[in-house]
Amino acid sequence: MLHVKNLSFKYKKQLILENISFSVNAGEHYAIIGESGSGKSTLLKLLYGTYNLNEGEIFWKDNPILGPEHNLIIGPSYMKYVAQEFDLMPFISVAENIGAFLSNFYPEEKQIRINELLDVVELQPYADIKVKELSGGQKQRVAIARAIAKQPEILLLDEPFSHIDNFKKQSLRRSLFKFLKEKNITCIVATHDKDDVLSFSDNMMVLHDAKIMATGTPQELYKNPENKLIASFFDEFNEIENYGIVYAHQLQVVEKSDLKALVVQSYFKGSYWLIEADLNGKKLFFENKSTLKIGSTIYLSIIK
Ligand code: ATP
Ligand code: MG
């Protein structure tokens, strides 16, 4: 189990993280979310032992994770970290990069393992291509495969799919998180993307103003967002007087109600239209099966 107790950290004067405490069980998938600059990457780097803490402690099972003050080599052997700016060996092939840290003593097993990893990140056709010839998203996939090659006990992923296109992202996400669960690898992921969290994280935290603003399961935080910041991470939402935070999909057009609004604009979203309306001089968004005429009056009810 990973235990973080009262961690505080500053690069210079300003505290980036203050009094952070949380735990992650072995095999659990844990998400760290927060606005840009909220300290997600810094927290992952601290978990990896990249910097000395100003205060607090980090333990994996009974082992303290210590900073460079105490270690010549950064990063405990049981942990792997895929940075936001991944760092690969450009002049050797994809397969060689993935196998770089695997023993040459068992060439057959090594090849089987590399093939398994190429499947997980869907890079089989690129096995023999030099990494320098890959796109950003392909490189990111090689970095992920290399990090899981030796089956670490913990994997830290920083925006793991940020360079990967929508065509690949969904299936890659499923196959990576499935692989990690099967191998019981604890995974901590810093992300901007709700799709990394909703279906794949057991628990999550929201970082804000150097502190933990909220923790819970994705379902808990999604269903009862304590504030606008949390709601905005998940979905389009409104703050409606007397009702609080209401997601756009929780509003539906009805014959008559006390929520009377004027249609301002319709945006095509594929399976629905996002309608922008005016409710007593305030913007309101809701989802509708069809587009609505600009200027028409509608009544809405809330489905909770
Ligand atoms: P993003 O979502 O944009 O990746 P983040 O939540 O990962 O953001 P961090 O990279 O952890 O944020 O940065 C947190 C704060 O620490 C920012 O204000 C940033 O400017 C600052 N910071 C990050 N790295 C350094 C550094 N090496 N030296 C000084 N300040 C830094
Ligand atoms: Mg970051």
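Note that ligands are numbered from 1 as they come in the structure, with each ligand's atoms numbered from 1 the same way.
- Residue-ligand proximity: Gly34 is placed with every non-hydrogen atom at 4.0 Å or more from ligand 1.
- Of all the atoms in ligand 1, the ones that sit under 4.0 Å from a non-hydrogen atom of Ser38 are 6 (O), 12 (O).
- Of all protein heavy atoms, the one closest to atom 1 (P) of ligand 1 is Ser36 OG, 3.7 Å.
- Among protein heavy atoms, atom 2 (O) of ligand 1 sits closest to Lys40 NZ, 2.7 Å.
- The nearest protein heavy atom to atom 23 (C) of ligand 1 is closer than 4.0 Å.
- At a threshold of 4.5 Å between non-hydrogen side-chain atoms, the residues Lys150 and Leu102 count as touching.
- Below 3.5 Å of separation, one finds no N or O of Tyr51 facing any N or O of ligand 1.
- The Mg ion (ligand 2) has an N, O or S atom of Ser41 under 2.8 Å away, backbone or side chain.
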Please assess Glu287 against Leu251 for the test side-chain contact (heavy atoms from CB on, under 4.5 Å), listing each intermediate value before the final yes or no. CA-CA 7 Å; Glu287 293 182 8; Leu251 287 165; over 6 Å; no
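- When heavy-atom distances to ligand 1 are checked against a 4.0 Å cut-off, Glu35 comes that close only through its backbone atoms N, CA, C and O.
- In terms of protein heavy-atom proximity, atom 16 (O) of ligand 1 is closest to Ile16 CD1, 3.3 Å.
- For the ring pair (Phe, Tyr, Trp, His ring centres under 6.0 Å) criterion with Tyr247, the lone passing option out of Phe234, Phe285, Tyr222, Phe286 is Tyr222.
- When hydrogens are left out, the protein atom nearest atom 4 (O) of ligand 1 is Gln84 NE2, 3.0 Å; that is the closest non-hydrogen contact.
- At least one heavy atom of His192 sits less than 4.0 Å from an atom of ligand 1.
- In summary, the side chains of Thr42 and Tyr11 do present a donor paired with an acceptor at a separation below 3.5 Å, with no hydrogens or angles considered.
- The side-chain heavy atoms of His163 and Lys139, taken from C-beta on, include no pair separated by under 4.5 Å.
- Near Ser41, meaning under 4.0 Å from any of its heavy atoms, are these atoms of ligand 1: 4 (O), 5 (P), 7 (O), 10 (O), 11 (O).
- The protein reaches atom 13 (O) of ligand 1 closely, with a heavy atom under 4.0 angstrom from it.
- Between Tyr30 and Leu2, the closest side-chain pair of non-hydrogen atoms is not below 4.5 Å.
- In Thr42, the parts holding a heavy atom less than 4.0 Å from any atom of ligand 1 are both the side chain and the backbone.
- With 3.5 Å as the limit, one finds no donor-acceptor pair spanning the side chains of Asn19 and Lys211.
- Asn97 has its side chain within reach of Ile92: a pair of non-hydrogen atoms, C-beta onward, lies under 4.5 Å apart.
- Annotation: side chain of Val82 is not in contact with side chain of Asp158 (no heavy-atom distance under 4.5 Å).
- How far CG of Leu88 is from CD of Gln138: 12.0 Å, rounded to the nearest 0.5 Å.
- Counting protein heavy atoms only, atom 18 (O) of ligand 1 is closest to Gly37 O, 4.0 Å.
- Of the protein's non-hydrogen atoms, the one nearest atom 27 (N) of ligand 1 is Tyr11 CE2, 3.7 Å.
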